[in-house]
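Everything below concerns the one structure shown next.
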Amino acid sequence: MNLSLSVTPLFSNLLTEGGPVFMYTTLVLLIICLALIAKGLLKGDSDGKIQKLISSVSLFALAWGFFGHLMGLISAMDAISATNDIAGPVLAGGIKVGLLSPAFGIFVFLIARLGIIGLILKKK
């Protein structure tokens, strides 16, 4: 089985399941971080401006992911309170979906932090 064919639909499903507004915004933030890291590594960052920008964008991605989690939990609690009976698998599926946004935010944060480490090592 070709790995690229099986990973792409899975990744797009996760982006959609985790809440498109939060997940696609976080994906854009990941692309911005990667572009800034590449710029910093290729052109240099003598004044530290790119490093600070990567830091700010990565922190925003982290906070945005947790904001998505909270919005998902609030809507899930509304749905649970509207019904008298909720099945365990439905609740577990909702929790999984609610955790996708912060997990992706943490992933972006970690990638950006690795890029910052690379920029710091390149300076020395």
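- Considering CG of Leu30 and CE of Met23, their distance stands at 11.0 Å, rounded to 0.5 Å.
- How far CD1 of Ile116 is from SG of Cys33: 8.0 Å, rounded to the nearest 0.5 Å.
- Summarising the geometry, atom CD1 belonging to Ile37 is positioned 10.5 Å from atom CD1 belonging to Ile117; distances are rounded to the nearest 0.5 Å.
- The two atoms that bring Gly40 and Lys122 nearest to each other are O-NZ, 3.8 Å, heavy atoms only.
- Listed here is the closest heavy atom pair of Asp45 and Gln51: OD2-N, 2.9 Å.
- Of the inter-residue distances, the one linking Ile54 atom CD1 with Ile111 atom CD1 reads 12.0 Å to the nearest 0.5 angstrom.
- Hydrophobic clustering, with ILVMFWY side chains joined whenever heavy atoms are under 4.5 angstrom apart, keeps Leu29 apart from Leu59.
- In terms of hydrophobic clustering, with Ile, Leu, Val, Met, Phe, Trp and Tyr side chains grouped at heavy-atom distances under 4.5 Å, Ile31 and Leu110 are assigned to different clusters.
- Under the 4.5 Å side-chain heavy-atom criterion for ILVMFWY residues, no single connected hydrophobic cluster contains both Phe109 and Leu34.
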Mind listing the side-chain donor-acceptor pairs of residues 60-71 below 3.5 Å, one per line with the distance, residues two or more places apart or on another chain?
| from | atom 1 | to | atom 2 | distance (Å) |
| --- | --- | --- | --- | --- |
| Trp64 | NE1 | Phe22 | O | 3.4 |
| His69 | ND1 | Gly98 | O | 2.7 |

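- There is a path of hydrophobic side-chain contacts, each under 4.5 Å, that joins Val28 to Leu36.
- Leu100 and Ile106 sit in two unconnected hydrophobic clusters of ILVMFWY residues. Membership requires side-chain heavy atoms under 4.5 Å apart, directly or through other members.
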